[in-house]
Amino acid sequence: MDFHQYLRVLSRRWRVIALVALLGTATGILASVAATPEYRATTTLFASLQGGDDTSQLNQGNSFTQARVQSYADIVASPEVTTPVVKSLELKMTPSELGSRVSAEAPVNTVLVRLTVTDTHAARAARISNAVASRFAQVIRELESPDGDTTESPVRLTVIQPAAVPSAPSSPQTTLNLALGLAVGLVLGLGIGVAVETVDTSMRDSKALAECLAAAAGPPVLSSIVHDSRAARRPVSLRDDTHSTRAEGFRKLRVNLQFAEVGKRPKVIAVTSPLPREGKSSVSVNLAATLAEEGARVCLIDCDLRRPSVHSALGLVRDAGLTTALLGKAGVREVLQSTGSFSVLTSGMIPPNPTQILGSAQFASVLEDLAEEFDHIVVDTAPVLPFADTPAMAHAVDGYLLVARAGRTSKSQILDALGVLERVNVPVLGAVLNAAPARGDGEVHGYAYRYQPKPEPSGRFSALVSARLSSVVPRRGSSANGHSANGHTEPVSAKTRS
């Protein structure tokens, strides 16, 4: 992956990355809170060699002491040192446990020994450190003295800096744990984001959908419909917000659909999708409204006899509809309902055999009859992959419109649905990407505007305009000089300009 691909992952998966980074930071904070504070107390000892009067002996003694000091650090945690300390201080721990809390270091080219004790109590850490230093110095004198006579030991360890009570704990280091948790969380989050992006084959934007269809020699992408959280409450975009980006997406679909088949313009268009909840019914309703916007006679038929939804979106009656007419209980025109701009034939009662009904000659006869009266017929169908209803009506439609939902419909689902539709020898006119991101989709451009009619002039300005117009535009029933038939002057309002 190059730098731009990583930026794309950040822009698409930032929620996952932020969540994992937040969890890492929280883990660092919890680790600091849950950890028991520990204090470190350090005692510094100076090693010196007894005897030696001339310079040569002093130099030899200094070299001897530096070599010895490196070995002394390994003796600090020995039982010879810790056992007496445990007894003298009456510590509630074993000598080995005390040894695990004691450490020593001897800086190179020095004769210093720094002895450090770690404990959960500050005062006790200082007390133990000083006691261990005192016992350690005694043990070294015993080891270095000939015949066990400590008074003649050539090496002496002197405490030059006793341990003080530490004012702050040495661990946990909250700032370090927080920074480490954040760094680890960011790395893990980015890794998870890259992994999810790699295995995610859903159609993220219109470019991905176009590449998927082009690889299968499929139809073009006719339009991208931007996501609108208010779409459920405002199902007809052209009616509720006619100048929105979403409404312009449906207008673009209408224009491109008219040129999808040059030889024969499709009249009966079936709108479907690979799986449920991808927005095919919403596209069907708005496509019918868009076609009717040009003054054409449009009929929308709800042929999703599994889970019809057109009636609820438009606030119509479902019980009397398509199946009512197919059963002969009423004529087709008797169950047609109007939304104002286009007609709707709802599903009617849900039958037990939708596939047989939609594949029957009677269904084809109903569509043929409606096609003689209307300029366009939009058919909302069931999803392609779960059911055989949509391919069964192939003999009655002129073409299919395939709807995919951004971020949900996968590449394999698109190809499978396309394969099913192509086997019935009815053209797939094109594809529509529904719920496309408002940003990051090359087919979506933010040039929408809000229409606001210009208010009528009022006050002194209105009176001035009326006076000007009255001098040049006579009212109906007035003479050319602005006088009425009874001789009174009648000023002309600005509304009479039309």
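Residue indices begin at 1 and follow the sequence shown.
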query: Between the main-chain N or O of Met349 and the side-chain N or O of Thr323, is there a donor-acceptor pair closer than 3.5 Å?
result: yes
task: Measure the spacing between CG of Leu415 and CD of Glu422 and express it to the nearest 0.5 Å.
output: 9.5 Å
statement: Between Val420 and Pro391, the two heavy atoms sitting closest are CG1-CG, 3.6 Å
statement: What one should report as the nearest heavy-atom pair of Ala417 and Leu385 is N-CD2, 3.7 Å
Min side-chain heavy-atom separation Pro386-Leu275 under 4.5 Å: yes
field: Note, Leu287 side chain near Leu257 side chain (heavy atom, < 4.5 Å)
entry: yes
Main-chain N/O of Ala125 paired with Ser129 side-chain donor or acceptor, under 3.5 Å: no
task: Measure from the side-chain N and O atoms of Ser100 to the backbone N and O of Glu97, and report whether any donor-acceptor pair falls under 3.5 Å.
output: yes
message: Take a 6.0 Å sphere around CD of Glu105 and say whether it holds more than 12 heavy atoms from other residues, nucleotides or ligands.
response: yes
field: CZ on Arg251 to CD on Glu294, rounded to 0.5 Å
entry: 10.0 Å
- prompt: Got Thr381 and Val271 here, is their nearest side-chain heavy-atom distance under 4.5 Å?
  reply: no
query: Between Ile269 and Asp398, does a side chain to side chain contact (heavy atoms under 4.5 Å, CB included) hold up when you go through it step by step?
result: CA-CA 6 Å; Ile269 303 171; Asp398 297 330; 6.0 Å; no
Sequence neighbours left out, cut at 3.5 Å: what donor-acceptor pairs do the side chains of residues 309-319 make with other protein atoms?
residue : atom : partner : partner atom : Å
Ser309  : OG   : Ser281  : OG           : 3.0
Ser312  : OG   : Ser309  : O            : 2.8

Test item: Phe250 and Arg254 side chains (from C-beta on) under 4.5 Å apart, heavy atoms: no
- request: For the residue pair Ser171 and Pro37, establish whether any side-chain heavy-atom pair is separated by less than 4.5 Å.
  value: no
field: Gln337 side, atom CD; Phe342 side, atom CZ - distance, nearest 0.5 Å
entry: 11.5 Å
field: Nearest non-hydrogen partners of Val378 and Ser284, listed with the distance
entry: CG1-O, 3.8 Å
- line: Residue set satisfying side-chain hydrogen bond (donor to acceptor under 3.5 Å, both in side chains) with Thr120, at least two apart, ordered chain then number -> Arg124
task: State, to 0.1 Å, how close Val426 and Ala394 come at their nearest heavy-atom pair, and which atoms those are.
output: CG2-O, 3.3 Å
- request: List for me each residue that meets salt bridge (Lys or Arg N to Asp or Glu O under 4.0 Å) alongside Asp302, sequence neighbours excluded, and say none if there are none.
  value: none
- request: Kindly indicate whether the side chain of Ile414, heavy atoms from C-beta on, has any atom under 4.5 Å from the side chain of Leu209.
  value: yes
query: If you look at every heavy atom in Pro354 and Leu305, which pair is closest and at what distance?
result: CB-CB, 3.8 Å
query: Any chance the side chains of Thr116 and Thr42 put a donor and an acceptor closer than 3.5 Å?
result: yes
message: Run the side-chain hydrogen bond (donor to acceptor under 3.5 Å, both in side chains) test against Thr94 and tell me which residues pass, sequence neighbours left out.
response: Ser96
Derivation of the side chain to side chain contact (heavy atoms under 4.5 Å, CB included) call for Val384 and Ser273: CA-CA 6 Å; Val384 176; Ser273 62; over 6 Å; no
field: Tyr400 (side chain) donor-acceptor with Thr390 (main chain) under 3.5 angstrom
entry: yes
- request: Please report the C-alpha distance between Glu38 and Ser170 in whole Å, then the side-chain angles of each, then the deciding distance to 0.1 Å, and finally whether the side-chain hydrogen bond (donor to acceptor under 3.5 Å, both in side chains) criterion is met.
  value: CA-CA 6 Å; Glu38 292 185 341; Ser170 59; 5.6 Å; no
field: Full working for side chain to side chain contact (heavy atoms under 4.5 Å, CB included) between Ile377 and Ile301
entry: CA-CA 7 Å; Ile377 296 179; Ile301 305 177; 3.7 Å; yes
message: Using modelled atom types and a 3.5 Å cut-off, is there a donor and acceptor pairing between side-chain atoms of Ser343 and backbone atoms of Thr339?
response: no
task: Applying salt bridge (charged side-chain N to carboxylate O under 4.0 Å, His left out), run through Asp375 and Lys267 and close with a yes or a no.
output: CA-CA 7 Å; Asp375 299 320; Lys267 191 170 187 179; 5.6 Å; no
message: Does any part of the side chain of Lys280, heavy atoms only, come nearer than 4.5 Å to the side chain of Asp304, both counted from C-beta?
response: yes
message: I need the Arg204 CZ to Arg408 CZ distance, nearest 0.5 Å.
response: 11.5 Å
statement: The side-chain contact (heavy atoms from CB on, under 4.5 Å) partners of Ala330 (sequence neighbours excluded) come to Thr324, Glu334, Val335
- prompt: Can you list every pair that meets side chain to side chain donor-acceptor pair (under 3.5 Å) and has a residue in residues 345-363, with sequence neighbours left out?
  reply: Arg306-Thr355, Thr355-Asp389
query: Is it true that Asp119 and Arg40 make a salt bridge, defined as a side-chain N closer than 4.0 Å to a carboxylate O?
result: no
- prompt: Is there a side-chain contact between Val432 and Leu401 (heavy atoms, below 4.5 Å)?
  reply: yes
query: Donor-acceptor pair, Asp369 side chain versus Ser365 backbone, under 3.5 Å?
result: no
field: Minimum heavy-atom distance Phe363-Ile357, with the two atoms named
entry: CB-O, 3.3 Å
message: Checking His376 against Arg297 for the side chain to side chain contact (heavy atoms under 4.5 Å, CB included) test, could you report, in this order, the C-alpha distance in whole Å, the side-chain angles of both residues, the deciding distance, and whether it holds?
response: CA-CA 6 Å; His376 302 283; Arg297 295 170 299 173; over 6 Å; no
- line: CG of Leu336 to CG of Leu322, rounded to nearest 0.5 Å, is 10.5 Å
- request: Report yes or no: does Asn434 contribute a side-chain atom to a donor-acceptor pair with the main-chain N or O of Glu278 at less than 3.5 Å?
  value: yes
message: Nearest 0.5 angstrom please: Leu433 CG to Ser224 OG, how far?
response: 4.5 Å
